[in-house]
Structure formats: structure tokens, C-alpha cells
**Student:** 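Sharing a structure here in C-alpha cells format.
Numbers for residues simply follow the sequence, beginning at 1.
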Amino acid sequence: MGSCLSRGDGPEAERDVEGEGTAGIPTGGNKPLVPHKSIVWSSDAPITRQELHRQREAFWDTSPAYSGRAEVWQALRAACESQSLELAQAIIDSANVTVPTGNLCDGCYDELGNSYVIPAMCIVDPKNLIRDQDKEKDDSETISEVKLDQPMGSGAAGGPAMELVARLSTGKDLKLAVTKKDTVASVRRLVEAQSALDGQRSIRIFYFGRQLDEQTMIGDLKISDGAIIQVFCG
């Protein structure tokens, strides 16, 4: 997944912020946001709007748990979802965010020097976006399909099955079929088996920034179908 960008480099496009002395922010100025039409990208495979929405939500839900400041992530999301370039620029300015190239896909920085990179999918639709009814659901290229063994759920004994997306700190996603009676420990073992992780590595599972106790059952966490859990591999 990538993006291609075209923008003006004239002197009128740059708002110079050199000399501010903020650590971690590259010198060279702060440029205005480029218009959405300047950002072009295609998904690895044709994608429906429903799938695009799911991927966007997954990014905004999980990124603040890894780095940066929550209030800056909120401002960046508001700017990306704004239909007005002027309003998006005002949001970026009010959050004291520096965008060296004018393109959020290339990275930006808050006033403390924290770095943020926004994927093109969160800003514009891909060129190969298709209607939901034109494509059968197929996540085989982006997410590994994982099913629990019968003793761990998905049958009458475990209750109705539900899906969770386990987002590993290695960057890989796993789609897990679980039941409300499965425990966090069973989910951890499943992740270990399906991701070929060394059993000696420490694995911690988080949901909304809170580490989950391994004895807790999925049903007690009030997790909805399709929710994303974060898996940190030490």
C-alpha cells in the first residue's frame, strides 16, 4: 500500500518555523497541507468502502496506544476526516503540529518532537475502491484467518462465536474466532501457535490501553464482535 504525492514547492507554500529550537523536529520549515487530490494510492487488492472503514477505525483505535499524545491523534483524525482543507489546516495549526512536507503521509511532529505518520487510507479513498456488493469478503491477503479448536469454543458449549482482530506489535494482524467463555490465556496460546512466536517470549494482551488478566473470560470484557486487541511481544 503506498501513496504518490504531487505538490507545489514555491516559496509562497512554506510557512517558515526555523529557529524554534524544538528537539526532534527536522529543520526546513512547516508547509501547508496539500489538497486531497494530490494524494493518490491504491490498495494491494480491490477494497470495499466497508473494508476501508474497518481499516481506518483499526488505525485510529490502535495507534495512540503505541506512541504520541492522545490529544494530537484526535486532532489529526479530525483534520483527516474534514472535507474542508481550510478547516483541516486550522485544526493542525491549533494543535501546534508541524508538517515539513505538507503531506501527513510523510510524517508530522507535535511541539514535543513526537512523530506521527498517517497512512493515505485515512485521508483519501483508493483508486481501486469498489462497491461492497461487487466483492465477496476475502481477507486472505491481509489478515490470517484463525479458528479455535473445538474444545476452546465456537460450539454450543462455548456459546456463539465472535471475531477478534489481534494486532501484533510486529505489525501482523490475526483474525481470531472465539467465544465469550474463552479466556485471555486461550487467546494468547492461539496467537503463539498461529504467529509462530517463540514460547519463551513474553506476550501481553491489551484492550483500550488496559492489560488483560489471563484468567478473564472474553465475555466479561464486554468486547464487541470485530473489536481489535493489541498484542505486545517482548
**Student:** Is the backbone of Val97 close enough, under 3.5 Å, to the side chain of Asp110 for a donor and an acceptor to pair up by distance?
**Tutor:**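 No, because the side chain of Asp110 does not come within donor-acceptor range (under 3.5 Å) of the backbone of Val97.
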
**Student:** Checking the side chain of Asn30 only, and the main-chain atoms of Val99 only, is there a donor and an acceptor separated by less than 3.5 Å?
**Tutor:** yes

**Student:** Taking Ser94 for its side chain and Ala90 for its backbone only, find out whether a donor-acceptor pair lies under 3.5 Å.
**Tutor:** yes

**Student:** Can you tell me how far the CG atom of Leu212 sits from the CZ atom of Arg204, to the nearest 0.5 Å?
**Tutor:**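 It comes to 12.0 Å.
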
**Student:** Quick check: do Ile118 and Cys105 have side-chain heavy atoms less than 4.5 Å from each other?
**Tutor:** no

**Student:** Filter on salt bridge (Lys or Arg N to Asp or Glu O under 4.0 Å), then keep only pairs touching residues 211-220, sequence neighbours left out; what's left?
**Tutor:** Arg188-Glu214

**Student:** Main chain of Leu87, side chain of Ser84: is a donor-acceptor contact present, judged purely on distance under 3.5 Å?
**Tutor:**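 Yes; judged by distance alone, with no hydrogens or angles, the pair exists.
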
**Student:** Measuring from atom OG of Ser67 to atom CG of Asn114, what distance do you get when rounded to the nearest 0.5 angstrom?
**Tutor:**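 Atom-to-atom, Ser67:OG and Asn114:CG are 7.5 Å apart.
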
**Student:** With heavy-atom distances below 4.5 Å as the criterion, would you say the side chains of Met121 and Trp41 are in contact?
**Tutor:**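 The answer is yes, as the side chains (C-beta and beyond) meet within the 4.5 Å cut-off.
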
**Student:** Taking atom CZ of Arg69 and atom CG of Leu76, what is their separation to the nearest 0.5 Å?
**Tutor:**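 Between Arg69 CZ and Leu76 CG, I get 10.5 Å after rounding to 0.5 Å.
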
**Student:** Run the ring pair (Phe, Tyr, Trp, His ring centres under 6.0 Å) test against Trp73 and tell me which residues pass, sequence neighbours left out.
**Tutor:**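 With neighbours one apart ignored, the set is Phe59, Tyr116.
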
**Student:** Quick one: closest heavy-atom pair of Cys108 and Pro100, and the distance?
**Tutor:** CA-CD, 4.3 Å

**Student:** Mind checking the CD-CG spacing from Gln89 to Leu33? Nearest 0.5 Å is all I need.
**Tutor:** 4.0 Å

**Student:** About how many Å separate OG1 of Thr179 and CE of Met162, when rounded to the nearest 0.5 Å?
**Tutor:** 9.0 Å

**Student:** Does one side chain, of Gln50 or Thr48, offer a donor that lies under 3.5 Å from an acceptor on the other?
**Tutor:** no

**Student:** For Pro46, does its backbone N or O pair with a side-chain atom of Ser43 as donor and acceptor, under 3.5 Å?
**Tutor:**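 Answer holds: no.
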
**Student:** side-chain contact (heavy atoms from CB on, under 4.5 Å) between Val124 and Lys37: does it pass, once the steps are laid out?
**Tutor:** CA-CA 8 Å; Val124 296; Lys37 65 181 180 180; over 6 Å; no

**Student:** Taking all heavy atoms of Ser186 and all of Thr183, pick out the closest pair and write down the distance.
**Tutor:** OG-O, 2.6 Å

**Student:** Is any side-chain heavy atom of Asp125 less than 4.5 Å from a side-chain heavy atom of Arg49?
**Tutor:** yes

**Student:** If you define the side chain from C-beta out and look only at heavy atoms, does anything of Asn103 sit under 4.5 Å from Ile39?
**Tutor:** yes

**Student:** Could you tell me whether a side-chain N or O of Thr62 sits under 3.5 Å from a main-chain N or O of Ala58, the two making a donor and an acceptor?
**Tutor:** yes

**Student:** May I ask you to test the Ile203-Glu192 pair for a side-chain heavy-atom distance under 4.5 Å?
**Tutor:**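 Yes, their side chains come closer than 4.5 Å.
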
**Student:** Any idea which heavy atoms bring Cys80 and His36 closest together, and the distance?
**Tutor:** O-CE1, 4.1 Å

**Student:** Over all heavy atoms of both residues, which pair between Gln194 and Lys172 is shortest? Give the atoms and the distance, please.
**Tutor:** O-NZ, 4.0 Å

**Student:** From Asp61 CG over to Arg54 CZ, what is the distance, rounded to the nearest 0.5 angstrom?
**Tutor:**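 Taking CG in Asp61 and CZ in Arg54, the distance rounds to 12.0 Å.
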
**Student:** Report yes if some heavy atom in the side chain of Ile229 is under 4.5 Å from a heavy atom in the side chain of Val187; otherwise report no.
**Tutor:**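 The answer is yes; the side chains approach within 4.5 Å.
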
**Student:** Flag the pair Lys127 / Val40 as yes when at least one side-chain heavy-atom distance between them is below 4.5 Å, and no otherwise.
**Tutor:** yes

**Student:** Do Val184 and Leu221 have side-chain heavy atoms sitting under 4.5 Å apart?
**Tutor:** yes

**Student:** Please say which of Asp173, Leu168, Leu174 ends up in a side chain to side chain contact (heavy atoms under 4.5 Å, CB included) with Val231.
**Tutor:** Leu168

**Student:** How close do Ala88 and Ser82 get, counting heavy atoms only, and between which atoms?
**Tutor:** N-OG, 3.9 Å

**Student:** To check you understand the geometry: which heavy-atom pair defines the closest contact between Leu52 and Pro126, and what is its length?
**Tutor:** CD2-CD, 3.8 Å

**Student:** For a side-chain contact (heavy atoms from CB on, under 4.5 Å) check, start with the C-alpha distance between Leu176 and Val191, then their side-chain angles and the critical distance, and finish with the verdict.
**Tutor:** CA-CA 9 Å; Leu176 310 178; Val191 170; 4.2 Å; yes

